[in-house]
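Below, read A as the first sequence line, B as the second, and so on, with proteins coming before strands; counting in each chain starts at 1.
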Amino acid sequence: MEPSPDKSHGHDSGHDAHPPVDLAKSVRTYLKVGGTLILFTGITWAVALVDFGSHAANYAIGLSIATFKVSLVGLIFMHLNHERPLIYKVLLFTVIFAAAMMFLTVLSYLDPIKARFGF
Amino acid sequence: MEIPYTVSARPDTGLYNAKVGIWLFLASEVMLFGGLFSSYVFLRIGADFSWPFHELNVLPGFINTMVLIASSVTVVAAWAALKARRYGWFQINMIITIACSLAFMGIKSYEYYGKFMHYSVILKDGTILDGHPAHASEEHAGDKITLTEVREITLAPAWSTLNFLNNRRVAEGSRPFASVPEGQHVKVRLPSTGAETELTKEWFKEIKKQYWELRNARSELATLTARLEAPRIRAEELRKTGEGENKVEVDYRRVESLLKDYAEGKKENNNKIAELAQKVKSLETAHPDVVGDTLTLQVVGNPLVFLVGEKNLQTYSPTQIVFRDTTILNGKMTGDAIPFNIDAIDLRKVKKPEESMAWKYFPQLKGNYEKHREEKTAEYIKKHPDHAGNYVEVGDWQHEVLRIPLHEMLSEEDAHAYLHDEAHTVQINRADRQFYSNFSPSRSPYYAIYFLMTGLHGLHVIGGAIVLTYFLVTGRRMYRTNPEHLANRVEVGGLFWHFVDLVWIFLFPVFYLM
Amino acid sequence: MIGVQYGISGLTFLAVGFLLMLVMRWSIAYPGMPLPAGLDWILKLFGSEFMSRWAPEARVSGALYNMLGSMHGTIMVFFGVVPLGFAAFANFVMPLQIGAPDMAFPKLNMWSFWLFFISGVIMLASFFLPSGPAQSGWTNYSPLATQIHRNTDSHFWTGQSQWLFAMVFNISASLLGAVNVLTTVINLRAQGMTWMRLPFFSWAMFAIAFLLLLAFPPLEVAALMQLSDNVLGSSFFLPTGLRSGGTLLDVSGGGHPVLFQHLFWFLGHPEVYVLLLPGLAITAEVITCNTRKPLWGYKSMVYAVLGLSFLSFLVWAHHMYLTGMGTVVATFFQFTTVLISIPSVILLTCLMLSLWGGSIRFTVPMLFATAFLPMFGIGGLTGLPLAFSFIDLYLHDTYYVIAHFHYIVAPGVIFGIFAGIYHWFPKVTGRMMGTVLGHLHFWPSLVAMNVIFAPMFVQGMAGFHRRWFDGGRVFEMVTHQYFYLNEVISWGAWALGLAQIPFIVNFVWSMFAGRKVPDNPWHATTLEWSTPTPPPHGNFLTPPVVHRGPYEYSVPGASRDFSPQWEAPSVEESIEEDNAGHPAASMAERAIHSVKGEPAGPDVYRPGMSNN
């Protein structure tokens with residue numbers, strides 16, 4: 001967590017991670033992203049009604065679309081496409097721990113000994 | 001020294017304080033919802049019941065997703081407007097955001113209401129009947145018991161609260177369910193003196209006071225006696241360790257001194273014990289009603305009628321009910337059957353669906369069921385020829401064939417009639433009933449986690465909306481003095497709002513579509 | 001002064017939790033005997049009704065023992081040690097150490113204190129409920145936790161539900177506090193206070209705050225789920241076909257008790273390090289100050305603390321070997337559990353080596369800090385066997401486990417906290433705590449602690465179970481040889497209680513009549529000793545500038561044996577250092593710092609001094 005080299009600002013200038021905003025342009029971007037999100041919500045619903053062979057396949061497709069939508073929200077709306085390294089670090093560890101929690105918790109169902117000897 | 005970096009960013013981290021704070025907070029929120037999603041997966045994988053699949057109505061969820069996405073767009077636009085120093089645009093966008101949050105909560109309440117009004121009866125053989133009690137809106141809907149001819153009430157002053165009186169009703173012709181007019185008290189006769197009194201909280205407070213007074217006095221006496229006896233018991237214990245198989249050497253001097261302590265203590269405290277015993281005795285004569293741990297009262301005048309939810313009871317039998325606070329009522333139980341209309345039958349957990357208890361209540365539907373099963377099975381095997389031999393064990397087949405919304409095997413009108421016509425109301429007996437609940441958290445872990453996750457998400461929406469409203473209302477003054485600070489605030493509030501949106505983007509497919 | 005508020009309430013809760021334990025020890029040593037007058041006043045604090053209900057004839061009933069046990073654990077962990085060790089010190093010392101004017105969000109800070117305070121009041125209030133407080137252990141496992149108070153009039157007002165309400169408040173307070181601490185360390189460090197100049201104590205607080213931030217939410221989930229089970233009748237943790245007293249419970253079933261344990265221990269294990277690290281961090285500060293030499297291996301300690309924090313998220317299920325969870329996951333957790341002993345050993349070793357060759361001043365805080373090392377060592381090493389599931393099968397829930405973790409939290413962490421109180425008391429009040437009373441506090445405490453916990457290892461290996469309220473009388477055939485230890489331990493506990501009296505006297509007396517001392521009485525180097533006592537609003541009179549590492553004691557060439565962080569290196573020191581052969585390095589550092597926009601100049605990073 002060393003200080004990040006950033007040439008754009010001096011010592012006492014006010015923070016301005018986003019250079020003076022062109023309102024019309026950014027609003028247009030946000031609207032486009034919003035439209036995409038709504039479109040993909042519709043697609044999620046539509047693909048849920050199609051049978052892709054197994055439930056697992058359906059879940060995988062549904063969750064991939066959701067993940068895509070979530071990354072759009074994160075990257076564009078929450079400005080994670082150009083954020084400070086510190087925040088990436090915090091989120092990285094958080095995601096690792098959350099994933100570990102889900103994976104290891106569910107892993108406790110797995111027991112080859114039980115499966116083999118049936119008790 | 002003032003706190004630095006409240007508005008401008010610290011050069012080496014590139015962040016102002018609130019932004020560090022909100023991202024850390026969001027990290028903990030990720031763990032919160034991560035925990036909830038983990039629980040969802042864990043419960044679903046380990047479920048020993050048929051996990052509901054495509055059971056929620058998708059449309060409200062879909063609309064809500066769009067509403068939240070729209071609000072996300074406007075909240076980030078509001079921030080951009082502030083950055084461009086366009087206060088008017090900021091206001092408009094914030095107002096839309098807050099309106100969206102209200103719309104979201106409105107739709108959510110509509111969904112919740114529908115679930116609370118929808119009930120399930122699980123019969124002893126695993127058959128599930130979905131629908132609603134015949135008079136869903138009336139208070140005697142569902143799992144209530146009527147106890148009539150109550151002439152005797154047993155209270156336990158240590159535990160009872162008199163809350164059971166809220167369930168009292170007056171008989172009115174064949175439907176004894178009218179509530180008691182305000183201020184009309186129950187009159188009872190006390191066992192000790194035969195005096196009559198009104199059952200009120202004030203009276204009971206007095207009884208409780210007397211009870212604890214007496215019990216504390218007794219406890220004091222018993223404590224003193226026990227303490228005086230203690231050395232003797234200890235001495236005997238010690239002496240015993242010198243006997244038998246595991247014997248050890250005993251310090252008899254210690255035994256002697258213990259016995260001496262015992263004798264001395266007894267002598268010294270003789271007066272005290274007599275005093276305490278006298279106190280107990282006088283309290284017993286002064287408060288004869290609370291000498292025992294229970295107090296049985298005879299009802300004066302007409303016998304009482306009670307209407308009680310099963311879940312408020314410890315136990316019940318045809319002649320007696322016991323409330324959770326240990327109050328006992330003796331009487332005659334009626335109204336034990338639920339008048340129920342159905343809209344779906346679920347046979348997935350029944351060993352032999354053709355012998356399900358459902359056909360006892362709806363014999364006329366058995367033929368429809370057999371036809372439905374044949375048709376659906378043929379259709380299923382056509383789609384999945386590899387399951388032709390073992391389809392009975394396949395979850396998908398069970399879901400499609402054994403969970404039967406009535407409109408799938410009847411015409412729309414007939415199905416409607418089963419749900420709404422009194423002619424199709426059946427009385428479901430207690431003896432057949434395993435579990436009864438509306439579609440609330442108690443229905444199954446699926447609904448429990450549905451309500452917990454959407455409820456917590458809803459609380460986040462409410463919290464976020466309150467904060468954003470605060471920024472909107474108080475914004476103008478800050479905009480004049482320090483517009484950058486306001487922009488930062490809105491950015492931080494917006495980050496939270498996007499996170500709430502982000503959670504919903506996962507919640508929607510997980511609960512509505514999977 | 002929120003740090004002081006936390007400190008006082010933490011000490012109070014510590015005392016309450018301790019008193020509850022004294023009653024429990026009576027029941028174990030002398031089961032069925034009426035409580036003596038010296039102990040029954042503790043129960044009378046909760047009203048005579050409480051006595052009549054749960055301790056008729058002043059005999060401790062099984063239910064009462066369970067209540068006391070549950071509340072002892074809960075109060076000690078969540079209301080005693082964490083607020084005292086983490087919240088109090090992190091609020092008072094940490095901002096001073098990093099040169100910050102205050103916590104980053106002062107209002108939020110106040111909120112978290114009051115949320116914590118309310119949660120404590122709710123928790124204590126549950127003693128006055130008709131149902132009594134929670135009885136299912138500090139871990140509150142379902143389904144017992146849901147079923148035990150099922151037959152009470154209102155599901156909202158049972159001890160079990162109230163425990164959960166209090167925890168939800170407590171967790172929220174901890175989360176807000178953690179956000180505050182982290183933001184302060186990240187964004188409010190003084191000029192020149194680079195990460196590797198951060199005192200080890202502040203590093204530890206930083207790590208703890210991360211643990212709290214990321215580990216507490218799953219417990220909040222668990223608490224809300226159990227609350228839903230208790231109040232709304234759901235079945236998150238209730239399996240199908242659950243019976244109580246022979247009758248089927250009127251619930252849908254279909255849930256999993258093991259899920260609660262997973263969520264609980266996901267917090268529970270990091271929580272162990274939340275308890276432990278303050279003690280360790282305080283010890284590090286006190287030891288360097290009193291040995292007059294730099295902390296041995298400062299950098300490795302920092303990395304060890306970070307590694308420990310990371311790993312602590314991945315070891316939780318070693319508390320659950322007996323739940324019947326799968327063997328695959330049990331194997332994984334054995335592996336990580338053994339792994340986590342490495343950073344712990346690094347920390348302990350560095351602290352011990354810090355003593356080496358120092359001219360040690362045995363002040364009262366130093367006594368506690370030195371005692372911390374072997375006590376923590378015993379606690380840590382006896383934990384190793386428990387990491388293996390096949391040994392844990394035998395030792396699980398015995399007094400062996402009790403002894404193991406109490407060696408860490410009682411003579412370990414509490415001693416660390418006492419060291420901290422004696423060490424920073426002059427900074428809070430401007431007065432020194434008395435030395436004679438301090439010795440009267442330390443020596444009896446040290447002896448009593450060992451009298452209490454050492455015999456427990458023996459009892460544990462003999463199979464004594466931690467929840468026997470009669471101390472094992474029901475299994476007399478196999479336990480009778482060790483009954484006498486029950487009495488030994490109990491007398492040790494009461495002696496420990498008496499040993500705290502000098503501390504209380506000393507604390508109160510020194511506040512008003514202790515010896516007045518200057519701002520830096522210990523001749524320490526970290527920033528908190530540079531401000532006036534008590535620190536003014538804004539903590540410092542002028543914004544502090546940091547010139548060097550945190551532990552520059554006995555710097556060669558310096559005129560005194562301590563070179564504070566706030567003092568620029570003198571000419572002699574610079575020459576000495578150049579001779580030691582670092583000029584090139586400092587030039588490079590200087591260049592890097594000027595690129596990064598930090599003021600170049602005398603406050604150059606000096607790798608030679610603080611890190612050995």
Side-chain angles (χ1 to χ4, degrees), chain B residues 1-5 10-13 15-17 20-21 24-25 27-29 31-32 34-36 38-39 42-43 46-49 122 158-159 161 163 212 215-216 219 222-223 225-227 230 233-234 246 310-311 314 323-326 435 437 440-445 447-449 452 456, chain C residues 30 33-34 36 40 48-49 51-53 56-59 101-102 104-106 108 130 151-153 175 178-180 182-183 186-188 213-218 220-222 224-225 228 232-236 240 250-252 254-256 259 262-263 266 480 538-540 542-543 596-598:
Chain B
M1 275 170 74
E2 286 306 311
I3 297 170
Y5 314 122
R10 180 182 166 103
D12 59 355
T13 59
L15 300 162
Y16 53 91
N17 296 343
V20 179
L24 292 168
F25 183 70
S28 90
E29 291 279 38
M31 294 307 285
L32 183 80
L36 286 164
S38 304
S39 310
F42 193 89
L43 287 171
D48 57 1
F49 57 98
I122 301 177
W159 306 101
T161 55
N163 285 345
W212 283 112
R215 190 157 156 185
N216 287 339
S219 176
T223 306
T225 324
R227 244 178 227 155
I233 296 171
R234 184 97 185 106
N246 302 320
E310 279 174 18
K311 293 199 194 297
Q314 265 190 40
F323 286 88
R324 283 223 194 92
D325 66 352
T326 68
F435 185 66
S437 164
S440 63
S442 59
R443 171 66 182 76
S444 74
Y447 283 99
I449 195 143
L452 184 65
L456 262 183
Chain C
Y30 306 109
M33 300 294 229
D40 77 347
S48 52
E49 257 188 58
M51 261 310 254
S52 310
R53 230 187 255 278
E57 305 173 18
R59 293 175 216 268
D102 198 344
F105 309 112
L108 198 68
N151 284 332
T152 38
D153 192 32
L175 288 178
V179 167
N180 218 337
L182 288 170
T183 310
I186 289 171
N187 242 24
L188 296 190
L213 184 80
L214 299 182
F216 251 136
E220 189 140 12
V221 170
L224 289 171
M225 284 174 150
S228 160
L232 303 175
S234 60
S235 301
F236 281 117
T240 309
D250 185 22
V251 293
S252 70
H256 283 262
L259 178 60
H262 273 300
L263 294 172
F266 189 86
H480 66 93
N539 278 353
F540 296 90
T542 54
K596 285 175 182 169
E598 290 211 350

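For the set C/Pro106, C/Gly255, C/Ser228, C/Gly538, the count of heavy-atom pairs under 4.5 angstrom toward chain B peaks at C/Gly538. Chosen from B/Ala47, B/Ser28, B/Ala230, B/Gly34, the residue pairing most often with chain C at heavy-atom distances under 4.5 Å is B/Ser28. No other option in C/Pro130, C/Pro218, C/Ala215, C/Pro543 has as many heavy-atom pairs under 4.5 Å with chain B as C/Pro543. Between chain C and the options B/Phe49, B/Tyr447, B/Phe435, the largest number of non-hydrogen pairs under 4.5 Å is found for B/Phe435. Top candidate by heavy-atom pairs under 4.5 Å with chain B, chosen from C/Asn539, C/Thr542, C/Val251, C/Leu259, is C/Leu259. Heavy-atom pairs under 4.5 Å with chain B peak, among C/Asp250, C/Leu263, C/Asp102, C/Leu224, at C/Asp250. Note on B/Met31, B/Arg227, B/Gln314: by heavy-atom pairs under 4.5 Å with chain C, the leading option is B/Arg227. Of the listed residues B/Gly35, B/Ala226, B/Ser38, B/Ser440, the one with more heavy-atom pairs under 4.5 angstrom with chain C than any other is B/Ala226.
To the nearest 0.5 angstrom, C/Thr240 atom OG1 is 3.0 Å from B/Asp48 atom CG. Atom OG1 of C/Thr183 is separated from atom CG of B/Asn17 by 7.0 Å, given to the nearest 0.5 angstrom. Atom CD of C/Glu220 is separated from atom CG of B/Leu456 by 8.0 Å, given to the nearest 0.5 angstrom. Of the inter-residue distances, the one linking C/Ile186 atom CD1 with B/Leu15 atom CG reads 8.5 Å to the nearest 0.5 angstrom. One finds the OG1 atom of C/Thr152 at 9.5 Å from the CH2 atom of B/Trp159 (value rounded to the nearest 0.5 Å).
In this structure, C/Arg53 contributes its side chain and B/Ala158 its backbone to a donor-acceptor pair below 3.5 Å. Using a distance-only test at 3.5 Å, with no hydrogens or angles considered, no donor-acceptor pair links the side chain of C/His256 to the main chain of B/Phe42. Side-chain atoms of B/Arg10 come within 3.5 Å of backbone atoms of C/Asn187 as a donor-acceptor pair (strictly under, hydrogens ignored).
Heavy-atom distances place both the backbone and the side chain of B/Ser39 under 4.5 Å from chain C. Heavy-atom distances place the side chain of C/Leu175, and not its backbone, under 4.5 Å from chain B. Heavy atoms of B/Ile3 lying under 4.5 Å from chain C belong to its backbone as well as its side chain. For chain C, the nearby part of B/Arg443 is the backbone; its heavy atoms alone come within less than 4.5 Å. Using a 4.5 Å cut-off between heavy atoms, C/Phe105 touches chain B through its side chain atoms alone. When heavy atoms are compared at a cutoff of 4.5 Å, B/Phe323 does not approach chain C at all. For a residue to count as touching a neighbouring chain, one of its non-hydrogen atoms must lie under 4.5 Å from one of that chain's; by this rule B/Ile449 touches chain C with backbone and side chain alike. When heavy atoms are compared at a cutoff of 4.5 Å, C/Asn180 does not approach chain B at all.
The two residues B/Ser444 and C/Ser252 have their closest heavy-atom pair at CA-OG, 3.6 Å. Taking all atoms of both residues into account, the shortest heavy-atom contact from B/Thr223 to C/Pro34 is O-CB, 4.5 Å. Residues C/Ser52 and B/Trp212 approach most closely at CB-CZ3, 3.7 Å, considering heavy atoms.
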